There are 2 protein chains.
Amino acid sequence: MYSRGMSTADRLVEATRELLWERGYVGTSPRAILERAGAGQGSMYHHFRGKPDLALAAIRRTAEALLAQADEVLSGPGSPYERIEAYLRRERDVLRGCPVGRLTMDPDVVADDALRAPVDAAIARIRERIAGLVEEGKAQGQFAAGLDAGEIAALIVATVQGGYVLARASGSPEAFDAGVRGLLALLRPE
Amino acid sequence: MYSRGMSTADRLVEATRELLWERGYVGTSPRAILERAGAGQGSMYHHFRGKPDLALAAIRRTAEALLAQADEVLSGPGSPYERIEAYLRRERDVLRGCPVGRLTMDPDVVADDALRAPVDAAIARIRERIAGLVEEGKAQGQFAAGLDAGEIAALIVATVQGGYVLARASGSPEAFDAGVRGLLALLRPE
DNA sequence: GTCTATACGATGATAGAC
DNA sequence: GTCTATCATCGTATAGAC
């Protein structure tokens, strides 16, 4: 239940974002959203056309937020390797998983181009930013010249997304951290 | 709808396995299972205590099947690197995702120790088999002695699981293959 | 073993009062 | 803008006949 100056529409979107993260699209009911947002049926259908419309607003905000987080670390200080390390090691609530990546396991999201678009765009954008860093690192001699920047970027993002899967399977963040350490060991210059 | 000599109980389990893969636990209803299995309510509640019980049987079979598939490639012919490559490049229906990894995004599966156990065991087992191969490769000088076999194994499994996420986000297997190529480039001996 | 009947709460949405 | 009916359908399960 939210209170601080948020509009009803914003509270609905925030409640939906949380529930999509926890339970996915199929597992998220309007009823649960309304309860968490402290709103009535009428409010929701006044501000949004229905569940897919509200979910779209929520997914867009979540995708934006993830991208902003990633951009912050990736354009931070340090060498390309150090910035990639910062991205991989940044604080995460590993067992909650990725609020964006999670949606790719939702058949109703993947089947709907409008719902999938923000997910696709956010992940593609992060891949591009990382690929740019890898290119930079290659130019500086920090990474081997033979590496394909796009492939390494895909590997880095996949390691994070897959790390969540391993962690949730075992009920512990250990496997996530292990995968990250393994990747950094292979990427480390010298 | 199945027909070939399968028992009703088996048809129910197979239908459940398919639906869990496609739609996850929350997205799979007894009704849909019955329809796909060509069975009535009575049959299901005769053979199983309810949805969680049937899902458990289905998850166990799927976990076993995945493990068997992985074991086959990992204990196949070739050097450690070649067997890891065979595992990473083995034919997959990438856009369908991993029938086991997928379940980790299901809150009701993760919250239930009995349902999560087979998922955890299958993934842990694959990690161990790969870690053994990495150790072997280190002993043969194929991999750098400084690498941690457990970390590299976590990285390899995470790359596969994360590759599915990237592929489903973009609606194309390309990102999966890119991540795999990136990983193989970093692991390649010489 | 399998079927039909029945039950009750949840889902996703509409209508209309205030 | 928000609230309270109201609705048809689905989800999950039980009971009891055959």
Side-chain angles (χ1 to χ4, degrees), chain A residues 1-59 103 105-112 114-115, chain B residues 1-59 103 105-112 114-115:
Chain A
M1 272 260 212
Y2 308 91
S3 40
R4 22 164 200 201
M6 264 187 188
S7 71
T8 299
D10 282 345
R11 292 203 320 274
L12 286 165
V13 170
E14 290 307 309
T16 305
R17 291 180 62 197
E18 289 182 6
L19 283 163
L20 285 178
W21 193 356
E22 292 166 21
R23 310 200 37 86
Y25 185 84
V26 256
T28 296
S29 69
R31 184 183 292 264
I33 294 170
L34 297 175
E35 195 179 337
R36 192 170 295 210
Q41 299 266 104
S43 296
M44 167 174 160
Y45 286 99
H46 172 75
H47 292 289
F48 301 93
R49 281 193 305 272
K51 177 178 166 176
D53 189 38
L54 176 48
L56 180 57
I59 291 174
L103 298 169
M105 293 301 130
D106 241 305
D108 294 358
V109 170
V110 170
D112 183 328
L115 292 180
Chain B
M1 275 258 217
Y2 308 92
S3 40
R4 21 162 202 203
M6 262 186 189
S7 72
T8 301
D10 281 346
R11 293 203 320 276
L12 285 165
V13 170
E14 290 307 308
T16 305
R17 291 180 63 197
E18 289 181 7
L19 284 163
L20 285 179
W21 193 357
E22 291 167 21
R23 312 199 35 85
Y25 185 84
V26 255
T28 295
S29 68
R31 187 184 291 263
I33 293 170
L34 296 175
E35 194 178 339
R36 192 170 297 211
Q41 299 266 103
S43 296
M44 168 173 161
Y45 286 99
H46 172 75
H47 293 288
F48 301 93
R49 281 195 304 274
K51 177 179 166 178
D53 189 38
L54 176 49
L56 179 57
I59 290 174
L103 299 169
M105 292 301 130
D106 241 306
D108 294 359
V109 170
V110 171
D112 183 327
L115 293 179

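These figures come from a predicted structure and were not determined experimentally. Every chain is numbered from 1, with letters handed out A, B, ... down the list of sequences.
Considering only heavy atoms from C-beta on, B:R17 stays 4.5 Å or farther from B:L20 through its side chain.
Straight-line distance from the CZ atom of B:F48 to the P atom of D:dT12: 16 Å, rounded to whole Å. D:dA13 atom C1' lies 15 Å from atom CG of B:L12, rounded to whole Å. As a whole-Å value, the separation of A:L34 CG from D:dG1 P is 18 Å.
For the atom pair CG of B:L34 and CZ of B:R36, the computed distance is 12.0 Å after rounding to the nearest 0.5 Å. In this structure, the separation between CG on A:L103 and CG on A:L115 is 9.0 Å, given to the nearest 0.5 Å.
Side chain of A:D106 to main chain of A:D108: no donor-acceptor pair is present (N/O by atom type, distance under 3.5 Å, no hydrogens or angles).
Every side-chain contact (heavy atoms from CB on, under 4.5 Å) that A:A32 has, sequence neighbours left out, goes to A:L19, A:S29.
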With a cut-off of 3.5 Å and sequence neighbours excluded, list every side-chain donor-acceptor pair involving residues 41-55 of chain A.
residue	atom	partner	partner atom	Å
A:K51	NZ	A:Y25	O	2.9
A:K51	NZ	A:T28	O	2.8
A:D53	OD2	A:R49	N	3.0

Checklist line | Sugar-phosphate or base contact per nucleotide [nucleotides 7-18 of chain C; S, B, -; heavy atom under 4.0 Å] | finding: ---SBSBB----

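Within the structure, every side-chain polar atom (N or O) of B:H46 is placed at least 4.0 Å from both OP1 and OP2 of C:dC3.
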